[in-house]
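Side-chain atoms are counted along with the backbone in the values below, which use heavy atoms only and exclude waters and symmetry mates. As the structure lists them, so they are numbered: ligands from 1, and atoms in each ligand from 1.
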Amino acid sequence: MKTTYFSALELVAAAELIKHGELAAFPTETVYGLGADALNAIAVQKIFEAKGRPADNPLIVHVADVSQLALVARSIPVIAEKLMARFWPGPLTVVLPKRQEVSSFVTAGLDTVAVRFPSHPIAIELIRLAGTPLAAPSANRSGSPSATTWQAVADDLDGRIAGIIKGEPTSFGLESTVVDATCDPPRVLRPGGVTFEELKEVCDAIQPFSSGLFDQHTEGVNSPGLKYKHYQPRAKVVVFAAGSLESELQRAFDRLNQVHYIGVNLPANPLRFGSVMACCDVDEYATKLFDTFRKADTAGAKWVYCEAVAEVGIGVALMDRLRRASQ
Ligand code: TXA
Ligand code: MG
């Protein structure tokens, strides 16, 4: 299949692809999404084929208006309304009871549906022009780091999907926070762009993300996507505690130019690395992480050394991605 590339001024044409049951990748504030008409089961199946995604991993439905919720959700718990009022549009996905009309391909057979109203103007405009909610996972091959640039989408999916919208690099760089609002109290299923501290301000009883969730298998997994290999570049990812790098390095390897580095502190001897990404804070670290993984692979690096951060704020989501990438 030939992939067509669209500028931000060509969204009408990109929306036509979606209306015709094809796939188009688009920027959001978190990562790039791979969109299909959420109400067209055949279009939705193409997402699983293009990504090589296991069929039991459900998709997030993206809306551009709270009124579109009625198309996919059967009911809206009071707590979900509060969370949406505070964090939408933005990087929060809310799991709700699903309407029967939503294809079981979207929800992988669950009776719930995950919904998100992104804040990115291109995402919002595309959904409006397509005139339908978009089922969209992250726009990468299954298992790889999510795509934070259109070039990363192209590297993974050119020739496999009908269209790619060439937006700017995404601003958060990690995926949305997923909250299950069908249970009381609600629970964080995946840490992401909205922090636990922010969620607590709206719902004091909310249950934090527990990494034990993704150690379990099939039975009892609340968010099926969590049990799969995720975010992994070909290079081996090593997470080290701040300050412990030098001893770590001596133990691990000697061909140092094959090692890339990312963290908020400069390593003691930056010249020993093939590439050093010293971020000014944890937010920038989150934004740059997946791109650093992809660049390491392009350069043929064997390892990416990643400095651990404190598990507060966006640090919770960052450490979750680092753990899964280094598994
Ligand atoms: O930021 C994001 O959320 C990006 C952009 C494109 O919006 N999307 C994204 O989609 O990260 P994906 O498919 O890579 O991750 C979706 C996550 C998976 O962990 C999946 O298991 C979970 O959401 N999920 C989807 N539907 C669910 C449901 N009904 N119940 C529980 N978890 C669900
Ligand atoms: Mg993904």
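Classification of E29 and R116 as a salt-bridged pair holds, one side-chain N sitting under 4.0 Å from a carboxylate O. Under a 4.0 Å N-O distance rule, the pair R86/E198 does not qualify as a salt bridge. In summary, E175 and R321 engage in a salt bridge, as defined by a charged side-chain N under 4.0 Å from a carboxylate O. Using a 4.0 Å cut-off between charged nitrogen and carboxylate oxygen, E22 and R160 do not count as a salt-bridge pair.
Heavy-atom distances between T107 and ligand 1 stay at or above 4.0 Å for every pair.
Counting heavy atoms under 4.0 Å from ligand 1, residue D180 does not touch it at all. At a heavy-atom distance under 4.0 Å, only side-chain atoms of R53, from C-beta outward, approach ligand 1. Under 4.0 Å from ligand 1, heavy atoms of T112 appear from its side chain as well as its backbone.
Within ligand 1, the atoms closer than 4.0 Å to a non-hydrogen atom of P137 are 6 (C), 10 (O), 12 (P), 13 (O), numbered from 1 in the order shown. Every atom of ligand 1 is numbered from 1 in the order shown, and the set under 4.0 Å from a heavy atom of V95 is 30 (N), 31 (C). Below 4.0 Å from some heavy atom of N57 lie the following atoms of ligand 1, by number and element: 18 (C), 20 (C), 21 (O). Below 4.0 Å from some heavy atom of E175 lie the following atoms of ligand 1, by number and element: 1 (O), 2 (C), 11 (O). The distance from ligand 1 to the heavy atoms of L110 drops below 4.0 Å at these ligand atoms: 28 (C), 29 (N), 30 (N). Residue G33 approaches ligand 1 through these ligand atoms, each under 4.0 Å from one of its heavy atoms: 6 (C). Applying the 4.0 Å criterion to heavy atoms of A114 picks out, from ligand 1, the atoms 25 (C), 26 (N), 27 (C), 29 (N).
Within the 3.5 Å criterion, the main-chain N or O of P121 finds no donor-acceptor partner in the side chain of E125.
Checking each of L199, T195, D180, V178 against V188 for a side chain to side chain contact (heavy atoms under 4.5 Å, CB included) leaves exactly one that passes, namely L199. Each of S146, P145, S144 was compared with F293 under the side chain to side chain contact (heavy atoms under 4.5 Å, CB included) criterion, and only P145 meets it. Among the candidates V94, I76, V113, the single residue satisfying the side chain to side chain contact (heavy atoms under 4.5 Å, CB included) test with L69 is I76.
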Exercise for the section: Report the C-alpha separation of Y32 and F26 in whole Å, then their side-chain angles, then the decisive distance to 0.1 Å, and conclude whether the ring pair (Phe, Tyr, Trp, His ring centres under 6.0 Å) test is met. Expected result: CA-CA 6 Å; Y32 274 71; F26 59 97; 8.1 Å; no
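Among the atoms of T28, none of the N or O lies under 3.5 angstrom from an N or O of ligand 1. Polar contact check, H62 against ligand 1: a nitrogen or oxygen pair lies under 3.5 Å apart. Looking at ligand 1, you won't find any N or O of T93 less than 3.5 Å from one of its N or O atoms.
For the pair K236 and W303, the cation-pi test (distance below 6.0 Å, angle within 45°) is failed.
For S138, the nearest N, O or S atom to the Mg ion (ligand 2) falls under 2.8 Å.
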